[in-house]
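Read the structure below first, then the notes.
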Amino acid sequence: MKQLFAFLTIIALVSCNQKTQSDDELLDLVQLQTLKYFWDFADPTSGLARERSNVTTNYGNEVSTIGGSGFGIMGIIVGVERGFIGREEAVDRMLKITHFLDTIAVRFHGAYPHWINSETGKAFHFSEKDNGGDLVETAFLMEGLLTAHQYYNKDNAKETELRAIIDKLWRTVEWNFYTQGKNQLYWHWSPDFGWEMNHPIRGWDECLITYILSAASPTYSINPEVYHQGWTNTDHFINGKKYYDITLPLGFEYGGPLFFSHYSFLGLDPRGLKDQYADYWEQNVAHTKINRAYCIDNPKKFEGYGENCWGLTASDNYKGYGGQSPTNDNGTITPTAALSAFPYTPEYSMQALKHFYNDLGNNLWGEYGFKDAFNPTENWYADSYLAIDQGPIIVMIENYRSQLLWNLFMSHPDVQNGLKKLGFTSPHINP
């Protein structure tokens, strides 16, 4: 496996700045090179995804990300389907990951911490009082695990064991504990600080999947009122305004960073997905087009912005880390923004991909695909890769190409039950 990766990496680096690939060949190359982050660079003890390629502030190389590992699990499925990884190798890696999650990793009422020590399984502080359960990161992990449950479906000892462990992990998340007995989900709970962070999960952002999985749980499910009175109860949920003559159904002014339309929708298929609040395909397409239109308009006159160079989202930037968006723009373009939007704007995303690879590749392309971000105005290119940015590139390109992850995740009966419970309709939902 490593020999295949090494050979294809040499091809990738030699061919950079050559415009001879077909679109499909270029997509294959980007998916394979990016997958190396989750395969070659995974933590050797746990198999989990490392938070980032450079050393995490205040910690060492043992920092693994729970949400990013969920994204990586889905990326590995893509690797099997595309022939980059053997199925048995992938199952062995998945058993390493799930055994660690089941027997070593700390949990807090079934939820995992945001960051975890991949050698000891203990929680790292993500912030001063955030050293306990993180329900949103846990939801991203479960999104990946439930997708894997549906994919590794063969009737043999290893895949049967894998499905059983995933089902156990899924059933032991105490989603309803994180309501504090109210009609509202809360992001964090700590054994040291309790509910002191007091961060309700509400308003349009990346967290829709948290409510859907909380409703889908066969063991610790929330009531529908938690969704309807909690998630939607804020002044930045319904929008309805036009930006660049594009109507945005939900969310902040100009839509916010683009990862809002990616993380929940790695597994959750927005095509035909509707509830009383929105058509989620329309939401995500509008959000993406507004983000691109803003970059073309470029009101702050940053270098490099244009039809082929767009995409504002959370990433590293020349000052540190930030959530870039049209209302928080410092000139930083993040490749994952446009590339993870392939299902919504395939023509525009391909234009951006070709620009990133053909025109900027010597500065932007490396061992694990596209580096995290760049800022032409500051002549700055990141030297880092982040799991939460690399994972959606692989997965959303595949959802554009084959709808693989969407079809798998949406086929899980618990997911369908959760969607029905909250009043969603979708072509995937069985009558």
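As the structure is a computational prediction, the values presented were derived from the model and not from experiment.
For the atom pair CG (Leu135) and NE2 (His114), the distance works out to 13.5 Å, reported to the nearest 0.5 Å. Leu185 CG to Ile222 CD1: the interatomic distance, rounded to the nearest 0.5 Å, is 5.0 Å. One finds the CG atom of Leu339 at 11.5 Å from the CE atom of Met396 (value rounded to the nearest 0.5 Å). Note: Thr65 OG1 to Ile116 CD1 = 10.5 Å, rounded to the nearest 0.5 Å. Between atom CE of residue Met410 and atom CG of residue Leu268 there is a gap of 5.5 Å, rounded to the nearest 0.5 Å.
Taking the side chain as every heavy atom from C-beta outward, Leu386 and Ser315 never approach each other to under 4.5 Å. At least one side-chain heavy atom of Trp231 sits under 4.5 Å from a side-chain heavy atom of Ile201. Counting heavy atoms from C-beta on, the side chains of Leu32 and Arg82 never come closer than 4.5 Å. Between Asp155 and Thr160, some side-chain heavy-atom pair lies under the 4.5 Å cut-off. Side-chain contact between His99 and Glu161 is present, with heavy atoms from C-beta onward closer than 4.5 Å. Annotation: side chain of Val78 is in contact with side chain of Leu405 (closest heavy-atom distance under 4.5 Å). Val226 has its side chain out of reach of Asn176: every pair of non-hydrogen atoms, C-beta onward, lies at least 4.5 Å apart. Ile394 has its side chain out of reach of Met74: every pair of non-hydrogen atoms, C-beta onward, lies at least 4.5 Å apart.
Evaluated for a side chain to side chain contact (heavy atoms under 4.5 Å, CB included) with Thr138, the options Thr210, Val173, Leu213 yield exactly one hit, Val173. The residue from Phe140, Phe259, Tyr37 that alone fulfils the ring-ring contact (aromatic ring centres under 6.0 Å, His included) condition with Phe71 is Phe140. No option in Glu282, His236, Gln283 other than Gln283 meets the side chain to side chain contact (heavy atoms under 4.5 Å, CB included) test with Leu250. The side-chain hydrogen bond (donor to acceptor under 3.5 Å, both in side chains) test with Asp134 is passed by exactly one of Trp187, Tyr178, Tyr112: Trp187. Trp365 pairs with exactly one of Tyr385, Phe370, Tyr381, Phe374 by the ring-ring contact (aromatic ring centres under 6.0 Å, His included) rule, that one being Phe370.
Counted by atom type alone, Tyr277 and His228 present one or more donor-acceptor pairs between their side chains at under 3.5 Å. Donor-acceptor pairing under 3.5 Å is recorded for the side chains of Ser411 and Gln150. Between the side chains of Asp297 and Tyr305, no donor-acceptor pair is found at a separation under 3.5 Å. Looking at Glu196 and Ser190, their side chains never bring a donor and an acceptor atom within 3.5 Å of each other. When only modelled atom types and interatomic distance are considered, Thr332 and Asn317 share no side-chain donor-acceptor pair under 3.5 Å. Between the side chains of Trp170 and Asp414, a donor-acceptor pair is found at a separation under 3.5 Å.
Formation of a donor-acceptor pair under 3.5 Å by the Gln324 side chain with backbone atoms of Thr313 is found in this model. Under a 3.5 Å cut-off, the side chain of Gln416 and the backbone N or O of Asn430 do form a donor-acceptor pair. For the pair Arg171 (side chain) and Pro218 (backbone), a donor-acceptor distance under 3.5 Å is absent. Thr103 places no side-chain N or O within donor-acceptor distance of the main-chain N or O of Phe100, the cut-off being under 3.5 Å. Asn239 places a side-chain N or O within donor-acceptor distance of the main-chain N or O of Phe252, the cut-off being under 3.5 Å. No donor-acceptor distance shorter than 3.5 angstrom exists from the side chain of Asn223 to the backbone of Glu225, with no hydrogens or angles considered. For the pair Ser69 (side chain) and Ala49 (backbone), a donor-acceptor distance under 3.5 Å is present. Here the side chain of Glu159 pairs no donor or acceptor atom with the backbone of Asn156 at under 3.5 angstrom. Looking only at distances, no side-chain donor or acceptor of Gln184 sits under 3.5 Å from a matching main-chain atom of Gln229. Listed for the Asp275 side chain is a donor-acceptor partner under 3.5 Å among the backbone atoms of Ala278.
Counting non-hydrogen atoms of neighbouring residues, nucleotides and ligands closer than 6.0 angstrom, the NZ atom of Lys122 reaches no more than 12 such neighbours. With a 6.0 Å radius and a threshold of 12 heavy atoms from other residues, nucleotides or ligands, Glu88 has its CD atom at or below the threshold. Atom NZ of Lys420 has more than 12 neighbouring heavy atoms from other residues, nucleotides or ligands inside a 6.0 Å radius.
When all heavy atoms of Pro326 and Asp329 are compared, the pair lying nearest together is O-CB, 4.3 Å. Between Phe424 and Ile429, the closest heavy-atom pair is O-CD1, 3.6 Å. Considering all non-hydrogen atoms of both residues, Pro346 and Tyr400 come closest at CB-CE1, 3.4 Å. Between Ala387 and Gly68, the shortest heavy-atom distance links the atoms CB-CA, 4.2 Å. Listed here is the closest heavy atom pair of Ser46 and Ser118: OG-CB, 3.5 Å. Nearest approach of Asp28 to Phe84, heavy atoms of both residues: O-CZ, 3.7 Å.
A salt bridge does not link Lys371 with Asp316: none of the charged nitrogens is closer than 4.0 Å to a carboxylate oxygen. The pair Arg52-Asp372 fails the salt-bridge criterion, with no side-chain N (NZ, NE, NH1 or NH2) lying under 4.0 Å from an Asp/Glu carboxylate O.
Aromatic ring centres of Trp204 and Tyr280: separated by under 6.0 Å. Taking the six-membered ring where the residue is Trp, the centroids of Trp195 and Phe177 are separated by under 6.0 Å. Ring to ring, Phe126 and Trp115 are close: their centroids are under 6.0 angstrom apart.
For residues 336-345, the side chain to side chain donor-acceptor pair (under 3.5 Å) pairs, not counting sequence neighbours, are Asn284-Tyr344, Thr336-Ser340, Thr345-Ser349. Within the structure, side chain to side chain donor-acceptor pair (under 3.5 Å) contacts touching residues 251-270 (residues at least two apart or in different chains) are Lys241-Glu253, Tyr243-Glu253, Asp269-Arg271, Asp269-His428.
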>> Set out, in order, the CA-CA distance, both residues' side-chain angles and the distance that settles side chain to side chain contact (heavy atoms under 4.5 Å, CB included) for Tyr227 and Leu208, then state yes or no.
In response: CA-CA 9 Å; Tyr227 175 72; Leu208 176 63; 4.0 Å; yes
> Hey, mind stepping through Asn131 and Phe108 against side chain to side chain contact (heavy atoms under 4.5 Å, CB included) and telling me if it holds?
Replying inline: CA-CA 10 Å; Asn131 67 333; Phe108 305 90; over 6 Å; no
>> As a quick check of understanding, evaluate side chain to side chain contact (heavy atoms under 4.5 Å, CB included) for Tyr151 and Thr147, giving each step before the final call.
In response: CA-CA 6 Å; Tyr151 182 71; Thr147 304; 5.6 Å; no
>> Run the side chain to side chain contact (heavy atoms under 4.5 Å, CB included) test on Ile209 and Met142 for me, step by step, so that the C-alpha distance in whole Å, both residues' side-chain angles and the decisive distance to 0.1 Å come before the verdict.
In response: CA-CA 10 Å; Ile209 192 69; Met142 292 299 152; over 6 Å; no
